[in-house]
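Single-structure report; data block below.
Only heavy atoms go into these numbers, but all of them, side chains included; no hydrogens, no water, no symmetry mates.
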Amino acid sequence: MKRRTLLSVLPMALAPLAMAGPPAARPARPAELPLLPAPRSLAVDLAAALALGQPLVVMVSLHGCPWCKLVRESYLAPLRREQQLPVVQVDMGSQERLQDFAGVLRTHGEMVRAWQVRSAPTLLFFGREAREVAPRLVGASTDFYGAYLEQRIEQARRAVAG
């Protein structure tokens, strides 16, 4: 009888570990300092990035997504801060408005649908003429994510450099 009781309780005891999500790599920054800005004009942000010889990295995120938080806090915010990598964030479910690359006013959600992004997080790398210059980085993982990200950033930088 004790053996059955232990076996029936074990899944309930392990459930919180399975639902814990990705590990927190760094403590959160103060709420008043956004880690990644939301774009007001993708055309302006792209022009500024290109003037620096950099691609524009757009993170498509989803509010409350633990993997988005991991990518934002552990990878993109440090690259933005330490290497001045131009990065903006578009939220899948947001009705916030922005100007797209052609200057047309759209919501974040409309941009996500126009890009045909279906998962969060997804990183897009834009170069001249608002073309994607590296493969999208879809999803997140604690295994090799930094290497995949660096590879795409380097590919995008080479494309921007000509």
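Between the side chain of Arg40 and the backbone N or O of Gln99, no donor-acceptor pair lies under 3.5 Å.
Residues Val87 and Leu124 are members of separate hydrophobic clusters, defined by side-chain heavy-atom contacts under 4.5 angstrom among Ile, Leu, Val, Met, Phe, Trp and Tyr. In this structure, Tyr75 is a member of the same hydrophobic cluster as Phe144, with clusters built from ILVMFWY side-chain heavy atoms closer than 4.5 Å. Put simply, Phe101 and Val112 are part of the same group of oily side chains (I, L, V, M, F, W, Y) that touch within less than 4.5 Å, one to the next. Under the 4.5 Å side-chain heavy-atom criterion for Ile, Leu, Val, Met, Phe, Trp and Tyr, Val57 and Leu46 are members of distinct hydrophobic clusters. If you chain together hydrophobic residues whose side chains sit under 4.5 Å apart, Phe126 and Met59 never meet in one group.
Atom-to-atom distance recorded for Leu36:CG and Arg72:CZ is 6.5 Å, nearest 0.5 angstrom. Distance check, rounded to the nearest 0.5 Å: CZ of Phe125 to CD of Glu154 gives 11.0 Å. A distance of 10.5 Å separates OG in Ser94 from CD in Glu110, rounded to the nearest 0.5 Å.
Listed by chain and residue number, Leu79, Arg157 satisfy the side-chain contact (heavy atoms from CB on, under 4.5 Å) test with Gln83 (two or more places apart in sequence, or in another chain). For the side-chain hydrogen bond (donor to acceptor under 3.5 Å, both in side chains) test, no residue two or more places apart in sequence or in another chain qualifies with Arg158.
Between Pro39 and Leu98, the closest heavy-atom pair is O-CB, 3.4 Å. Taking all atoms of both residues into account, the shortest heavy-atom contact from Arg81 to Gln84 is O-NE2, 3.0 Å. Contact between Ser119 and Met92 at its shortest, heavy atoms only, is N-CE, 4.0 Å. Nearest approach of Val133 to Ala159, heavy atoms of both residues: CB-CB, 3.6 Å. Nearest heavy atom pair, residue Pro121 against residue Ala140, reads CG-CB, 4.1 Å. Looking at every heavy atom in both residues, Gly93 comes nearest to Leu62 through N-CD1, 4.4 Å.
Arg152 has its side chain out of reach of Leu123: every pair of non-hydrogen atoms, C-beta onward, lies at least 4.5 Å apart. Side chains of Leu76 and Leu35 form no contact here, defined as non-hydrogen atoms less than 4.5 Å apart. A heavy-atom distance below 4.5 Å is found between the side chains of Arg80 and Pro37. When side chains are defined from C-beta on, Met111 counts as touching Leu42, because their heavy atoms get closer than 4.5 Å. Residues Leu149 and Val71 fail the side-chain proximity criterion, which asks for heavy atoms closer than 4.5 Å. No side-chain heavy atom of Lys69 sits less than 4.5 Å from a side-chain heavy atom of Pro66. Contact annotation: the side chain of Thr122 never approaches that of Trp115 to less than 4.5 Å [non-hydrogen atoms, C-beta and beyond]. A heavy-atom distance below 4.5 Å is not found between the side chains of Gln54 and Val160.
For Tyr145 and Trp67, the ring centers sit 6.0 Å or farther from each other.
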